[in-house]
Colleague: 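Below: one structure in structure tokens.
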Amino acid sequence: MVPFKAGFISILGRPNVGKSTLFNRLLGDKIAIIAERPQTTRNRILGIKNVEGGQFIFLDTPGIHQGRSELNKRMVRTAIASGRDADILLFLIEAMPARRKGPANGRIPQGKQRCSFSGHQ
């Protein structure tokens, strides 16, 4: 008999790169809202995919960006915390050339504090 295995997969990336679309496609159902407007996902969304011999637990997260408002900063903290809880980090990027303008375009923002997903600083 094959042992049962399960793991958490956190889907991370900038706002509006398709994290929720991928999440829904992987699960085969519309669980997360999809919109053209960035920052539609405000909390972590959990979805479970059962397969023979195991489970994939997917975490759809808010976009990682340089938040100015307290709400945006909280959403970024939620996304980073979801990464710490995961066994696998799936970092999604746009395949097309960047359409956005501004200083955060083309890079992930670097905060003043270090972030470690393994729990080690």
Colleague: Give the minimum heavy-atom separation between Gly83 and Ser10, together with the two atoms involved.
Modeller: N-OG, 3.7 Å
Colleague: Which other residues end up in the same hydrophobic cluster as Phe8, if Ile, Leu, Val, Met, Phe, Trp and Tyr are linked when side-chain heavy atoms come under 4.5 Å apart?
Modeller: Leu46, Ile48, Ile57, Leu59
Colleague: Not counting sequence neighbours, which residues clear side-chain contact (heavy atoms from CB on, under 4.5 Å) with Ile34? List them please.
Modeller: Ser20, Thr21, Asn24
Colleague: Check side-chain contact (heavy atoms from CB on, under 4.5 Å) between Leu26 and all other residues, then give those that pass, not counting sequence neighbours.
Modeller: Ile11, Leu22, Phe58
Colleague: Within this structure, what is the CG-CZ distance for the pair Leu92 and Phe23, rounded to the nearest 0.5 Å?
Modeller: 13.5 Å
Colleague: Taking side-chain contact (heavy atoms from CB on, under 4.5 Å) as the test, write out the residues that go with Arg74, two or more places apart.
Modeller: Asn43, Leu71, Arg77, Thr78
Colleague: Could you check if a side-chain atom of Val76 sits within less than 4.5 angstrom of a side-chain atom of His65, using non-hydrogen atoms only?
Modeller: yes
Colleague: Establish whether Val51 and Phe4 are linked, either directly or via other cluster members, by ILVMFWY side-chain heavy-atom contacts under 4.5 Å.
Modeller: no
Colleague: Enter the distance from Arg44:CZ to Met75:CE here, rounded to the nearest 0.5 Å.
Modeller: 16.0 Å
Colleague: Verify, without hydrogens or angle tests, whether Lys19 (side chain) and Phe91 (backbone) share a donor-acceptor contact under 3.5 angstrom.
Modeller: no
Colleague: Quick test of your reading: applying side-chain hydrogen bond (donor to acceptor under 3.5 Å, both in side chains), list the pairs with at least one residue in residues 48-59, sequence neighbours left out, ordered by first then second residue.
Modeller: Asn50-Gln55
Colleague: Atom CG of Asp87 and atom CG of Leu89: how far apart are they, to the nearest 0.5 Å?
Modeller: 9.5 Å
Colleague: Taking all non-hydrogen atoms of both residues into account, name the closest pair between Asp60 and Ala32 and its distance.
Modeller: OD2-CB, 3.4 Å
